[in-house]
Structure formats: structure tokens, C-alpha cells
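Down below is the structure, laid out as C-alpha cells.
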Amino acid sequence: MPELPEVESVRRQLDPELSARRIVDAWADPIPSMPREFHRVEMLAGRQISHVGRRGKFLIAPLDEGLELIMHLGMTGQLTFGNQSDPYVRARLVLDDGRALSFRDVRRFGRMAVVEAGRYESIPTLARLGPEPLSDEFDPGDFAGALAKTTAPIKPFLLTQRPVAGVGNIYADEVLWIARINPRSRRIGRCRAFVLHAAIRKVLAGAVEREGTTFRDFVTVTGESGRNASHLVAYGRVGTPCPRCATPLKKIVLGGRGTTYCPRCQR
DNA sequence: CTAACTACCTGAACGC
DNA sequence: TGCGTTCAGGTAGTTA
């Protein structure tokens with residue numbers, strides 16, 4: 001479940017390895033039921049990578065010829081260097097230094113696509129992506145305004161990536177616990193929106209420092225686990241006492257997703 | 001336009 | 001032991 005901190009950890013390791021490298025060969029093994037899994041990856045052969053950037057959970061690598069490589073890790077996607085035989089490697093890029101970057105993805109929710117730079121119509125979530133939470137673009141007033149405009153429950157709304165980029169199921173539970181907001185709440189006032197804004201910044205920045213959360217599948221490019229899991233307060237801790245009020249944390253399904261929160265201090 | 005729902009995928013965990 | 005069911009969740013697509 002790579003979210004912004006996990007993807008940023010991958011980006012930081014990938015960028016120095018891929019910057020200015022040329023791709024000499026590209027291979028992908030899409031399945032007919034998921035035709036967009038590796039869209040136009042064959043176009044990568046011969047292209048040079050400028051650098052590896054990121055928007056939300058999307059890795060964006062500008063190429064020559066006005067193209068961009070977009071990568072999304074989905075649920076179980078991993079990017080590692082190596083040529084080892086592995087049934088879950090779905091795509092592989094051979095670089096001009098002889099190394100191979102492998103895209104390994106057990107559940108096949110990950111994606112790679114080559115697009116004209118900045119043309120994201122074929123990737124709707126990226127086309128409508130909210131501001132980067134750790135940049136100045138993430139403005140408290142704008143965020144409060146966005147929350148005031150929707151009638152959807154706050155947690156599913158955060159997961160749309162529209163009010164802010166990069167928050168997934170784990171960090172949504174964490175930030176709502178810190179801000180003391182019930183995940184089902186449909187009305188977030190200006191004051192609470194500011195508190196939530198600050199919580200998003202704090203939680204994501206801390207998780208980036210610790211190279212992300214490894215709950216099941218996430219590993220960095222070098223195969224290491226993130227160190228943030230022991231810092232989680234809400235996610236995955238159903239039944240344990242709330243650190244604030246000792247009430248056992250409760251788990252519900254909201255928007256089809258498991259949601260853990262404190263029924264007492266998140267009203 | 002938004003909100004709400006389901007499909008996609010597959011190993012792990014669970015129940016009998 | 002073995003088989004069937006449920007769960008995990010980011011995004012795309014459809015429906016109301």
C-alpha cells in the first residue's frame with residue numbers, strides 16, 4: 001500500500017540511479033484483462049531519462065522527445081535493480097550501464113505508461129490531483145474551502161486524491177486520529193480543517209523521514225523495509241487502547257475500506 | 001458535475 | 001489435511 005512517503009522513498013533512491021541514463025530495451029508482460037497496465041512501455045527503448053520526480057503516489061520521469069514515463073506502484077508494486085528470475089516481475093527496463101530495473105507486482109494494481117509530457121487525460125486521478133502536501137501549494141485556506149464544498153464523508157474524500165495528493169488508507173486513519181475527526185464526518189469547519197491540514201503535513205513528513213511504512217509488501221529500491229510502522233497510532237490497531245483516552249479503537253468499513261478510529265475522541 | 005458503488009488481482013488468513 | 005471463503009486496497013469505470 002505505497003502512499004506518498006513510500007513512493008517518495010523509492011523516488012529518492014531511484015533518481016540518482018536513473019538520471020541521465022538511457023533505456024536500451026524495455027519489456028512488459030501485460031495480461032489481456034488489464035490492457036492499460038503497461039501502456040506504450042515499448043516506446044521506452046532508446047529514450048533518455050532526465051530525472052525521477054513525483055506527484056502524489058505517481059512517479060513521473062521526464063524523457064527526451066517530449067515524453068514522460070508515469071509509474072504507479074498500486075498495492076504491491078516494487079521497483080528494484082536486478083535480473084533475477086521471478087514470476088511476479090511484470091516489466092523490465094535495461095539501462096545503458098547494463099543494469100535492469102524490474103517492476104515487480106504480485107497483485108497487478110500497479111501501472112506504467114508513456115505519455116506526452118503533461119498530458120494526463122488518460123490517467124484521471126493524476127489529471128485531477130490535488131496539491132503536494134509538503135509544498136507551499138498545500139494552502140490551509142484552500143484546503144478548508146475544498147472540504148466545505150463536498151458532502152462526502154471526510155475519509156473517502158481524502159482518498160480521492162483531490163483535496164490533497166498522496167494520502168492513502170493508512171495515513172488517512174492516522175491524520176484523522178490526530179485531528180480528532182470522525183472518518184464519517186461530512187462537515188469539516190474551517191478550524192478543524194486547519195488542524196487536519198497540519199496533521200497531514202506532520203504525519204507525512206515524519207513517515208518520509210522514516211522511509212515509509214512497511215505493513216505487508218512495501219520495500220525500497222534496495223529491498224529495505226520502511227521504519228514508520230511502529231509509529232502508527234490508529235491503522236492496524238483495532239482493539240488496542242486509544243493512546244489519548246484508552247477507549248479500544250474500533251474498526252468499520254467506510255467507502256469499502258477498512259477504517260480504524262477512536263469512537264470516543266473522534267466525534 | 002458529484003457521490004456511491006463495483007471490478008480488478010492474488011496470496012494470506014480464516015472457518016469448518 | 002483440504003477446500004472454500006474472506007480480506008487487503010488504489011484506481012478506473014459505471015450508475016444514479
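Convention: sequence-line order gives letters A, B, ...; per-chain numbering from 1. Remember, predicted model here, so these are calculated numbers, not experimental data.
For A:Arg107, counting side-chain heavy atoms from C-beta on, the closest listed nucleotide (C:dG10, B:dG11, B:dA4) is B:dG11. In this structure, the nucleotide among C:dA12, B:dT10, B:dA3 sitting nearest to the side chain of A:Val106 is B:dT10. Here the nucleotide nearest the side chain of A:Arg108, chosen from B:dA4, C:dG10, B:dT10, is B:dT10. Nearest nucleotide to the A:Met75 side chain, out of B:dG11, C:dA8, C:dT11: C:dA8. When each of B:dA3, C:dG10, C:dA12 is scored by its nearest atom to the side-chain atoms of A:Leu159, the top-ranked nucleotide is C:dG10. For A:Pro153, whose side chain is taken as the heavy atoms from C-beta onward, the closest listed nucleotide among C:dT11, B:dA4, C:dA8 is B:dA4. Considering only the side chain of A:Pro124, C:dG13 comes nearest among B:dC9, C:dG13, B:dA3.
Rounding to whole angstrom units, CZ of residue A:Arg257 and C1' of B:dA4 are separated by 13 Å. As rounded to whole Å, 11 Å separates atom P of B:dA3 from atom CG of A:Leu147. Computed from coordinates, the A:Arg111 CZ to B:dA7 P distance equals 16 Å when rounded to whole Å. One interatomic measurement links the two molecules: CG of A:Asp105 to P of C:dA8, which rounds to 19 Å at whole-angstrom precision. The CD1 atom of A:Ile154 sits 11 Å away from the P atom of B:dA3 (whole-angstrom rounding). Going from atom CG of A:Asp217 over to atom P of C:dC7 covers 19 Å, rounded to whole Å. With rounding to whole Å, A:Leu254 atom CG is found 10 Å from B:dC5 atom P. Between the C1' atom of B:dC9 and the CZ atom of A:Phe103 lies a distance of 13 Å, rounded to the nearest Å.
Counting heavy atoms from C-beta on, the side chains of A:Asp217 and A:Val106 never come closer than 4.5 Å.
From A:Thr260, atom OG1 reaches atom CZ of A:Arg237 across 10.5 Å, with rounding to the nearest 0.5 Å.
Distances shown here put a side-chain N or O of A:Thr151 below 4.0 Å from the OP1 or OP2 atom of B:dA3. Applying the 4.0 Å criterion to OP1 and OP2 of C:dT11, one finds that A:Lys57 has a side-chain N or O inside that range. For the pair A:Arg162 and B:dA3, the criterion of a side-chain N or O lying under 4.0 Å from OP1 or OP2 is met. The shortest distance between the side-chain N/O atoms of A:Tyr171 and the OP1/OP2 oxygens of C:dG9 is not below 4.0 Å. Contact annotation: A:Tyr88 does not reach the phosphate of B:dC9 (side-chain N/O to OP1 or OP2, under 4.0 Å). One finds no side-chain N or O of A:Thr76 lying less than 4.0 angstrom from the OP1 or OP2 phosphate oxygen of B:dG11. Side-chain nitrogen and oxygen atoms of A:Thr150 include at least one within less than 4.0 Å of the OP1 or OP2 phosphate oxygen of B:dA3. Phosphate contact (OP1/OP2 of C:dA8, side-chain N/O of A:Lys251, threshold under 4.0 Å): present.
With no hydrogens or angles considered, no side-chain donor-acceptor pair links A:Asn182 and A:Lys155 at under 3.5 Å. Counted by atom type alone, A:Arg186 and A:Thr151 present zero donor-acceptor pairs between their side chains at under 3.5 Å.
Residue contacts shown for A:Leu73 are absent, as no nucleic acid heavy atom lies under 4.0 Å away. No engagement by A:Gly255 is indicated, since no non-hydrogen atom pair under 4.0 Å with the nucleic acid exists.
One N or O on the side chain of A:Glu3 and one on the backbone of A:Tyr171 form a donor-acceptor pair closer than 3.5 Å. Looking only at distances, no side-chain donor or acceptor of A:Gln78 sits under 3.5 Å from a matching main-chain atom of A:Phe218.
Evaluation of A:Phe109 against the base of C:dT11 yields no stacking contact (centre distance < 5.5 Å, interplanar angle < 30° required).
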- Task: Show your reasoning for whether ring-ring contact (aromatic ring centres under 6.0 Å, His included) applies to A:Phe58 and A:Tyr120.
- Result: CA-CA 12 Å; A:Phe58 293 87; A:Tyr120 302 142; 8.2 Å; no
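Between the base of C:dT11 and the side chain of A:Arg128 there is no donor-acceptor pair shorter than 3.5 Å.
Heavy-atom nearest nucleotides on DNA chain C were determined for A:Asn169 and for A:Ile123, and the one closer to the 5' end corresponds to A:Asn169. Ranked by how close their nearest DNA chain B nucleotide is to the 5' end, A:Gly256 and A:Lys149 are led by A:Lys149.
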